[in-house]
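Worksheet: the structure to be examined is printed underneath.
Lettering of chains follows the sequences in order, A, B, ..., and the numbering in each one begins at 1.
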Amino acid sequence: MSQQLSDRYNPADVENRTYQWWESSGYFKAQDQSTKPPFSIILPPPNVTGFLHMGHALDHTIQDILIRWKRMNGYNTMWLPGTDHAGIATQSVVERELKKEGVTRHDLGREKFVEKVWDWKHQYGDRIYSQMRRLGDSCDWDRAVFTLDEGVSKAVKKVFVSLHKKGMIYRGKRLVNWSGPLETAISDLEVEHKQIKGSMYHLKYALEGSSEMLIVATTRPETMLGDSALCVHPEDDRYKHLIGKNALIPLINRKIPIIADTYVDKEFGSGVVKITPAHDFNDYKIGKSHNLEFINILNKKTELNENGGPYQGLKVQEARKRILEDLKAQNLLEKEEVHVHSVGHCSRSGAVVEPYLSEQWFVKMEQLATPGKRVVENGTIRFEPESWTKVYLHWLNNIEDWCISRQLWWGHRIPVWYCADCEHQTVSETEVTSCEKCNSKKVSQDEDVLDTWFSSALWPFSTMGWPNETETLKTFYPTSYLVTGHDIIFFWVARMIMMGLEFQRDVPFRTVYIHGLVRDSQGRKMSKSLGNSIDPVEMIEKYGADALRFTFAAHLYSGKDFKFSEQRLEGYRNFMNKIWNAARFALSNLQDFKVPADGVKALPNKSQISVFDQWIITKLAEVTKEVEDAMEAEKFSEAATALYQFIWNQFCDWYIEFTKPIMNGTNAEEKQATQLVIAQILNRITRLLHPFAPFISEEIYQKLPIKGAACIVDQFPNTRNDKEFLSLGSSQAALEIDIVKEVITAIRNIRGENRISPAVKINARLGVTNDQVQKILGNNRTAILNMGRIENLDIGTEGNLMKCAVAPVAVKDVSVKVIIPLEGLVDFDEEVKRINKLVEKLQKDIGMLSSKLSNEKFIANADEDVVAADKVLLAQSKVQLDSLRDALTRFQ
RNA sequence: AGGGAGUUAGCUCAGUUGGUAGAGCGCCACCCUUACAAGGUGGAUGUCGCAGGUUCGAAUCCUGUACUCCCUACCA
């Protein structure tokens, strides 16, 4: 079989086939009822319009690691996928498509347009699911939910009606953030503030019955058309006498009162503020408290309306330009100065957001926020990293009511019907055909839809069949983890918590795992406009899904943003290839392996296995423990890195090399014992690797002589369940191999520094007096000969050091002197340089150590172990220094 | 303005009970040594942002400071 394996790992040969096999074998499926403990994650539903982007890839990798890890730990795992109808985003996409045909949604009308969107959804809605499969997401696909599915719609209506009944949803004419291009209200969270270098315009307002002019500063001069007052500070001596008098708006000469409010900052600008209650959030409050007129000067498209007088019909920006021209012409603009301020932009359309007065639906948040705060404060829900707790609580402490209505056509329509006869509002979960108050048939449903995040907020239970009391809910609610980026903590996480508590009387999840955002290699956000987006599917095609997943896993450090670089991905692709080749080689050495009768349970006899076997098992025990601890602590990068280092730097670099002579040797018994160890180590490597690199691990696993049915459902090794095998390791073997490794490294170092070609075989002596150590080195003669490329090796006395390279080796309290005669091989310049470098280093160390050890306070205060270790080190360093100096003299 | 995060090798970043600074990539040298050139072996590279303090000892703890980034809120 191993001959079939190519010398390069080709993910394309493996991934689709393996995924299909897993899926058709039902390994992803969760059981609604099971004796196994439940573990569940609800996937943050990607937009149905979307392609899989790097952010998803990172997000999903984390979730899939958790799910696969828990599955292998015997949990009844449910990863529930879904997609979001994403109101504005989807509607925009379809509108853009229509625009190409020269059609607007208004041409089609609501019904036809919504049909078009559904068509679009049916055509492209599953696209992202197939991309998720490419990544290896082990979701329970049978449970996939769309936010406009019937069940979810039922939940949405029920929640709306229920909150309305409790008085927690209300309708009101309020100032909201308005997106002109989209012709809809957007929530505070959908507004992006950008620093803009704009202008501050100082306008001249005439006083009624006076030639005096009042200077008023503004950044938005066009809003003066909607002014209801001028406002000054009540204790501002400059203007006190004007309070109660009237001023005239420039150009249109409408009369407005001059009022006083402490809101005004005397120091800022001229100390006089124009009040435009219908177009500014602060002014709105003043307007309310002073009972001012609310003059709306805009229409839905953010063009000036009939209140705009001569400027009616102009867009805001044009109106501003024209008004400024006119002001200048009439000498009513005192000055214009550069002013940097932040301006709200619509996060969807990019347009400047205009505060706009309109009828909207709101959710009262205060009541919902209190329990939402409590569960995080008391630790029922934990944020990881913990620092997000503060951010979350701060937001809830300053929460504003949530505007949930959107003037869109695509989404959950607001379940309210208005009666044309008695104006009564009927709020109902079911279709309303007559007014509940007057029975009139002239009822019409509210035209607006709900904010997408309204349905998202119910996601943890609406996806599990609520409002029905399903087995799924009983088993899997609350879910175990919520994994997401920090950009949607407010949008989504907080609202899920509040809705979960309100409607399930329990938190929706226990742990919120927040990860960073994926950025480009320069740290910029990936965006279409910058053209720096990288397509994960393309990366998977080029490097393999495992490499991509491992790249993320290895760099997941406490919620930090992730700078993605293809070069790094390449490194992990190489790692996958390394694993592949190691397995390929190991398997080729297992061709004549006789599988023991007890198969996967077979363990070698400790007395039969080599010191190499014992050593690698010791290392395996270490990495198993590291992975175990790291996974428990959600430190995925530590787990991934530990595996990387074990596989590459221990198993490949040393163990495979050490065991080559055994594999090629004639001792059948020894070979069989080592073969069993190799088979068992590979079995464990694949399992440990599986959550991170599912495809390659399954592929190799399936080729192993001893294995279970599938890696994906085999047990994840830990120090408890693998105790028997891991106990075959030995610390004595570990020490022996450490000495051998150090000796070999010292030989290689001398070779390298003296530029002795690997093709040239050399002689070496190992100077060591201790019998025990001599024996150890003697036992490993073959390894040293092969890996150091040594012709003749003497172990024992130092002998004559004339013209010899010398490298002292120290492992714990063991010292060995590696001696290589250089006569005739090279000139000695490089060796002298090398030794001098070592001498320098040793002198530095000795200086540092002896000053430390001669410090009484150090001896008194430091741990005994630390002092003892330093003493040993100092003694060894001194011996080494002497021998090196000695060696130096032999070159002269 | 308030809050959070960061500043360690050329680059990207690790480094929690304080005990002589690490990885990957890149770089230099030598190698196609029969698993792997997507490889092997060896090497170079850091007063751990700056200034104080605590301590026998600080990248690590405390204080201050500079710079960067993010979030929230914004003065017309």
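When Watson-Crick and G-U wobble pairs are counted only if both distances are under 3.5 Å, B:rG52 pairs with B:rC62. When Watson-Crick and G-U wobble pairs are counted only if both distances are under 3.5 Å, B:rA14 pairs with no nucleotide at all. Across the strands present, B:rA73 finds no partner; the criterion is a Watson-Crick or G-U wobble pair with both atom distances under 3.5 angstrom. Look at B:rU68: its Watson-Crick or wobble partner, with both distances under 3.5 angstrom, is B:rA5. Using Watson-Crick or G-U wobble geometry with both donor-acceptor distances under 3.5 Å, B:rA29 finds its partner in B:rU41.
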Collect all protein-nucleotide pairs involving nucleotides 31-35 of chain B in which both atoms are nitrogen or oxygen and the distance is under 3.5 Å.
{"from": "B:rA35", "atom 1": "OP1", "to": "A:Lys660", "atom 2": "NZ", "distance (Å)": "3.1"}
{"from": "B:rA35", "atom 1": "O2'", "to": "A:Asn581", "atom 2": "OD1", "distance (Å)": "3.0"}
{"from": "B:rA35", "atom 1": "O2'", "to": "A:Arg584", "atom 2": "NH2", "distance (Å)": "2.3"}
{"from": "B:rA35", "atom 1": "N6", "to": "A:Cys652", "atom 2": "O", "distance (Å)": "3.2"}
{"from": "B:rA35", "atom 1": "N6", "to": "A:Glu657", "atom 2": "OE2", "distance (Å)": "3.4"}
{"from": "B:rA35", "atom 1": "N3", "to": "A:Asn581", "atom 2": "O", "distance (Å)": "3.3"}
{"from": "B:rA35", "atom 1": "N3", "to": "A:Ala582", "atom 2": "N", "distance (Å)": "3.3"}

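The ring of A:Phe636 has its center no closer than 6.0 angstrom to the ring center of A:Phe692. Ring pair A:Tyr392/A:Trp388: centre-to-centre distance not below 6.0 Å.
For A:Lys812, the NZ atom is loosely surrounded, since the number of other residues' heavy atoms within 6.0 Å does not exceed 12. Residue-environment remark: NZ (A:Lys204) exceeds the threshold of 12 foreign heavy atoms within 6.0 Å.
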Worksheet item: How does each nucleotide of nucleotides 66-72 of chain B score, in 5' to 3' order, for protein heavy atoms under 4.0 Å: base (B), sugar-phosphate only (S), or none (-)?
Response: ------S

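Side-chain N/O atoms of A:Lys274 include none lying less than 4.0 angstrom from OP1 or OP2 on B:rA76. Within the 4.0 Å cut-off from OP1 or OP2 of B:rC30, not a single side-chain nitrogen or oxygen of A:Arg755 is found. Taking 4.0 angstrom as the limit, A:Asn749 places a side-chain polar atom (N or O) nearer than this to OP1 or OP2 of B:rG43. Taking only side-chain nitrogens and oxygens, A:Lys560 comes nearer than 4.0 Å to OP1 or OP2 of B:rA14. Contact check, A:Lys563 against B:rC13: a side-chain N or O comes under 4.0 Å of OP1 or OP2.
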Fill in: Audit row: A:Tyr513, A:Phe383, ring-ring contact (aromatic ring centres under 6.0 Å, His included) steps and yes/no
CA-CA 6 Å; A:Tyr513 184 97; A:Phe383 277 88; over 10 Å; no

Item to complete: Give the intermediate values and the outcome of side-chain hydrogen bond (donor to acceptor under 3.5 Å, both in side chains) for residues A:Asn581 and A:Tyr9.
Response: CA-CA 8 Å; A:Asn581 276 298; A:Tyr9 173 56; over 6 Å; no

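Looking at A:Phe646 and A:Ile616, their side chains come closer than 4.5 Å, going by heavy atoms from C-beta outward.
Rounded to an integer number of Å, the gap from CD of A:Glu570 to C1' of B:rA37 is 13 Å.
By the side-chain contact (heavy atoms from CB on, under 4.5 Å) test, A:Arg751 is found to be paired with A:Ile747, A:Ile756, A:Val760, A:Ile762, A:Arg789, residues two or more places apart in sequence or in another chain being considered.
Of the residues near RNA chain B, A:Phe858 and A:Trp648, the one whose nearest nucleotide (by heavy atom distance) lies more toward the 5' end is A:Phe858. Both A:Arg8 and A:Lys857 sit near RNA chain B, but only A:Arg8 has its closest nucleotide nearer the 5' end.
A:Phe651 does not carry A:Lys578 over the face of its six-membered ring by the limits of under 6.0 Å from the centre and within 45° of the normal.
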